[in-house]
Amino acid sequence: MMPTNEKEYNGYLFDQLSILERIEAVTEDKKVLKQIEIERKQIERKLYQQPPLINNQNNN
């Protein structure tokens, strides 16, 4: 289910970051760690972009 507002979407992105942190904590595989870093950068780009991906104002 897609998030419907910015707060919900940000929560979803923070959950993804948490998953990456848990995987990172249990692996020493260099390829996995490199991929985690790539994924983290992509998630953070979405999380901190301006203007936000989801606009809470109605533009009708």
Side-chain angles (χ1 to χ4, degrees):
M1 184 157 115
M2 282 299 296
T4 58
N5 60 51
E6 185 179 351
K7 182 178 178 182
E8 192 174 304
Y9 188 70
N10 286 347
Y12 173 76
L13 293 173
F14 280 119
D15 288 345
Q16 289 184 329
L17 288 173
S18 295
I19 292 167
L20 292 177
E21 289 172 355
R22 290 195 299 267
I23 295 169
E24 187 175 37
V26 297
T27 189
E28 294 180 7
D29 185 309
K30 299 287 186 193
K31 288 182 181 180
V32 172
L33 293 172
K34 183 172 179 65
Q35 187 62 41
I36 287 171
E37 187 58 33
I38 291 168
E39 299 297 330
R40 179 181 288 117
K41 286 178 183 178
Q42 291 175 352
I43 293 166
E44 288 175 347
R45 189 173 323 139
K46 292 175 189 175
L47 185 60
Y48 299 116
Q49 81 173 26
Q50 293 297 326
L53 284 176
I54 296 176
N55 187 350
N56 288 329
Q57 299 173 356
N58 290 332
N59 292 330
N60 296 337

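Just so we're clear, the structure is a prediction, and the values are computed from it rather than from any experiment.
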Any side-chain heavy-atom pair of Glu6 and Asn10 under 4.5 Å: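 Glu6 vs Asn10: side chains touch.
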
Side-chain heavy atoms of Lys31 within contact of Lys34, under 4.5 Å: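 No, their side chains stay 4.5 Å or more apart.
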
Check: Thr27 side chain, Ile23 main-chain N or O, donor-acceptor pair, under 3.5 Å: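 It does not hold such a pair.
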
Nearest-0.5 Å distance, [atom1] of residue [X] to [atom2] of residue [Y]:
X: Leu20; Y: Asp15; atom1: CG; atom2: CG; answer: 11.0 Å
X: Glu24; Y: Leu17; atom1: CD; atom2: CG; answer: 11.0 Å
X: Ile36; Y: Ile19; atom1: CD1; atom2: CD1; answer: 11.5 Å

Pair Glu21 + Arg40: basic N to acidic O under 4.0 Å: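 Here Glu21 does not pair with Arg40 in a salt bridge, since their nearest N and O are not under 4.0 Å apart.
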
Cluster check Ile38, Val32: I/L/V/M/F/W/Y, side chain < 4.5 angstrom: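 Different clusters.
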
Full working for side chain to side chain donor-acceptor pair (under 3.5 Å) between Tyr12 and Gln16: CA-CA 6 Å; Tyr12 173 76; Gln16 289 184 329; 3.1 Å; yes

